[in-house]
Novice: 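Following this message is one structure expressed as structure tokens.
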Protein chains: 2
Amino acid sequence: MTVVLNTEEKILLAAEEIFVLNGYDGSRMQAIADKANINKAMLHYYFRSKEKLFERIFEEKVLHFFPKIEEDMVHLNTFLEKADLFVERYIHLINQYPYIPFFVVNTINKPNSQGFIEKLPLSLKRSLLASLYADIEKGLIKDIQPFQFIMSLLGMCAFPYLMAPIFKHSFRFNDAEFSDLMILRIAELKRYIRFILLP
Amino acid sequence: MTVVLNTEEKILLAAEEIFVLNGYDGSRMQAIADKANINKAMLHYYFRSKEKLFERIFEEKVLHFFPKIEEDMVHLNTFLEKADLFVERYIHLINQYPYIPFFVVNTINKPNSQGFIEKLPLSLKRSLLASLYADIEKGLIKDIQPFQFIMSLLGMCAFPYLMAPIFKHSFRFNDAEFSDLMILRIAELKRYIRFILLP
DNA sequence: GTCTATAAAAAGATAGAC
DNA sequence: GTCTATCTTTTTATAGAC
């Protein structure tokens, strides 16, 4: 099945790749045009400016990923079930797009990132947090600090992708080996979560 | 005590601040010159090029931080003691320079980052890993995956700093409050480590 | 809508006077 | 060593023909 892309779609696809890999500052409009097989003038015709094109990409990527992770989570009862699903979904999804964590970190840590930060959906974090509070209340899990635990959970899932270039270099992993390692990591993290949370 | 800085020192101090905050691509030689209260020509007189100046800053920062964390760790016997010390040292140190994790992540994830990755000292990671293997062997700690655990340990310490803009925004923390939260995190992480590792 | 050509501005780097 | 002025290149953005 060959999909025929119109110019706008070609630009968006090319811009995504360039921006996600290089960040806003490191990306060149010329590079996007080359990858899309069109000329620079088209970029401005469709999106006016580099800034506007970037904003469009950021929104699309973010709004694409977060809901996918959250999907169906509301139907689960315990925090442990939700945490399990989060780990599975997150790692499987990011394994397909391993540059996303860096893209987000890169974007929100720049000066004047306020606008981008406000676009990030917070429902996932809030619902995990609420569920964690509730289960502590019920005595289902140990009396740990909910906010600190959520930061740990996110960090254990996302941090390896941010450090991937180091890990790959120092342990001689190629992309596939690193990806496999992250899949194995799912089961390991589920164990850690239980060790920490279960009374 | 007022320290009088010569031109080279003024440049290095200014370059550090600009590069650490904005990354290589986001930094401007003019901005460094302005902050150092000199003109652009001086930058090239002392360091030839932007690239060379950046390399100098990266090396200095990295070689400054890693050894500080590792100091005295070799004298500790068990992995648990080393992990405790790591968490304490890392969070206290990064609390003083909270932009360092982003600076490193930003630098190693760019295309052509190979040169910078090779400059990173690996002794810390290797010695933690070796110690972890040894203590599992001795039955002092559970049979977990050493590499996966080390990634988790690093992630639990460093990730919050990378996500700080989001956390600050969504929970209305100011810098001081976030810093305090990280100090409290030390004790919490030590608990998690024990839950995971101790039989 | 798409292209070529070009403007306009920014940014890294250097020449040369002092 | 330090400065001003300038060069060169890069990069974003636009004008105008088709």
Side-chain angles (χ1 to χ4, degrees), chain A residues 2-61 103 106-107 109-113 115-116, chain B residues 2-61 103 106-107 109-113 115-116:
Chain A
T2 305
V3 180
V4 178
L5 300 173
N6 63 30
T7 303
E8 183 171 345
E9 292 166 335
K10 283 199 290 183
I11 293 176
L12 285 171
L13 223 60
E16 175 187 323
E17 185 168 339
I18 298 292
F19 278 136
V20 165
L21 240 66
N22 305 286
Y24 179 81
D25 292 323
S27 297
R28 299 290 160 253
M29 295 294 264
Q30 186 63 60
I32 295 172
D34 290 347
K35 189 162 284 288
N37 270 311
I38 45 117
N39 59 67
K40 275 191 298 180
M42 291 276 84
L43 300 180
H44 290 93
Y45 177 78
Y46 279 93
F47 298 97
R48 282 196 69 81
S49 71
K50 180 182 179 183
E51 210 161 335
K52 290 212 191 322
L53 179 53
F54 181 83
E55 282 167 21
R56 172 70 178 271
I57 298 293
F58 185 80
E59 277 179 42
E60 281 195 6
K61 283 284 100 180
F103 180 57
N106 199 12
T107 304
N109 277 282
K110 284 163 46 79
N112 307 322
S113 61
F116 296 111
Chain B
T2 306
V3 179
V4 179
L5 300 174
N6 62 30
T7 302
E8 183 171 345
E9 292 166 335
K10 282 199 289 183
I11 292 175
L12 284 172
L13 223 60
E16 175 187 323
E17 185 168 339
I18 297 293
F19 278 137
V20 165
L21 241 63
N22 305 286
Y24 180 81
D25 292 324
S27 297
R28 298 292 162 251
M29 294 294 264
Q30 187 62 60
I32 296 172
D34 290 347
K35 189 163 284 288
N37 269 312
I38 45 116
N39 57 66
K40 273 193 299 181
M42 292 275 83
L43 300 179
H44 291 94
Y45 176 78
Y46 278 93
F47 298 96
R48 282 197 69 82
S49 70
K50 181 183 178 183
E51 209 161 336
K52 289 211 192 322
L53 179 53
F54 181 83
E55 283 168 19
R56 171 71 176 272
I57 298 293
F58 186 80
E59 277 180 42
E60 282 194 5
K61 283 283 98 179
F103 181 56
N106 199 10
T107 304
N109 277 283
K110 283 163 47 79
N112 306 320
S113 61
F116 295 111

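So that the names make sense, note that chain A is the first sequence line, chain B the second, and so on, each numbered from 1.
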Novice: Rounded to whole Å, please give me the gap between CE in M42(B) and C1' in dA5(D).
Specialist: 15 Å
Novice: Determine: side-chain N/O of T7(B) to OP1/OP2 of dT2(D), distance under 4.0 Å, yes or no.
Specialist: yes
Novice: Can you name the side-chain contact (heavy atoms from CB on, under 4.5 Å) partners of R28(A), sequence neighbours left out?
Specialist: A31(A), K50(A)
Novice: Counting distance only, does the side-chain N/O of S113(B) pair as donor-acceptor with the main-chain N or O of F116(B) below 3.5 Å?
Specialist: no
Novice: Where is the tightest heavy-atom contact between N106(A) and G23(A), given as atom of each residue plus distance?
Specialist: ND2-CA, 3.5 Å
Novice: Nearest whole angstrom, please: distance from the P of dG1(C) to the CG of L5(A).
Specialist: 16 Å
Novice: Mind checking ring-ring contact (aromatic ring centres under 6.0 Å, His included) for F47(A) and listing every partner two or more places apart, or none if nothing turns up?
Specialist: none
Novice: If I take atom CZ in residue R48(B) and atom C1' in nucleotide dG12(C), what distance separates them, rounded to the nearest angstrom?
Specialist: 13 Å
Novice: Calculate the interatomic distance between L43(B) atom CG and dC3(D) atom P; express it in whole Å.
Specialist: 11 Å
Novice: Can you tell me the distance, in whole Å, between the CZ atom of F47(B) and the P atom of dT14(C)?
Specialist: 15 Å
Novice: With sequence neighbours left out, write down each residue that passes side-chain contact (heavy atoms from CB on, under 4.5 Å) with D25(A), or none if nothing qualifies.
Specialist: K110(A), D25(B)
Novice: Are the side chains of E51(B) and F54(B) in contact, using a 4.5 Å heavy-atom criterion?
Specialist: no
Novice: Return the residues of residues 16-38 of chain B meeting this criterion: a heavy atom under 4.0 Å from some atom of DNA chain C. Order them by number, or give none.
Specialist: S27(B), R28(B), M29(B)
Novice: Closest approach of N22(B) and P111(A), non-hydrogen atoms and distance?
Specialist: OD1-CG, 3.3 Å
Novice: Would one find a side-chain N or O of N39(A) under 4.0 angstrom from OP1 or OP2 of dT2(C)?
Specialist: no
Novice: Quick check for you: among dC3(C), dG1(C), dT2(D), whose closest atom lies nearest to any side-chain atom of Y45(A)?
Specialist: dG1(C)
Novice: Give the rounded distance in Å between these two atoms: CD of E9(B) and P of dT2(D).
Specialist: 12 Å
Novice: So what does Y46(A) hit on the nucleic acid, given a heavy-atom distance under 4.0 Å: a base, only sugar-phosphate, or nothing?
Specialist: sugar-phosphate
Novice: Taking only heavy atoms on the protein side, list every residue of residues 50-61 of chain A lying under 4.0 Å from any atom of DNA chain C, sorted numerically.
Specialist: none
Novice: Mind checking whether L12(B) and Y46(B) have side chains closer than 4.5 Å, heavy atoms only?
Specialist: no
Novice: From C-beta outward on H44(B), which listed nucleotide comes closest to its side chain: dC3(D), dA13(C), dG1(C)?
Specialist: dA13(C)
Novice: Applying salt bridge (Lys or Arg N to Asp or Glu O under 4.0 Å), name anything that partners E9(B), two or more places apart in sequence or on another chain.
Specialist: none
Novice: What is the separation between atom NZ on K40(A) and atom P on dA15(D), rounded to the nearest whole Å?
Specialist: 15 Å
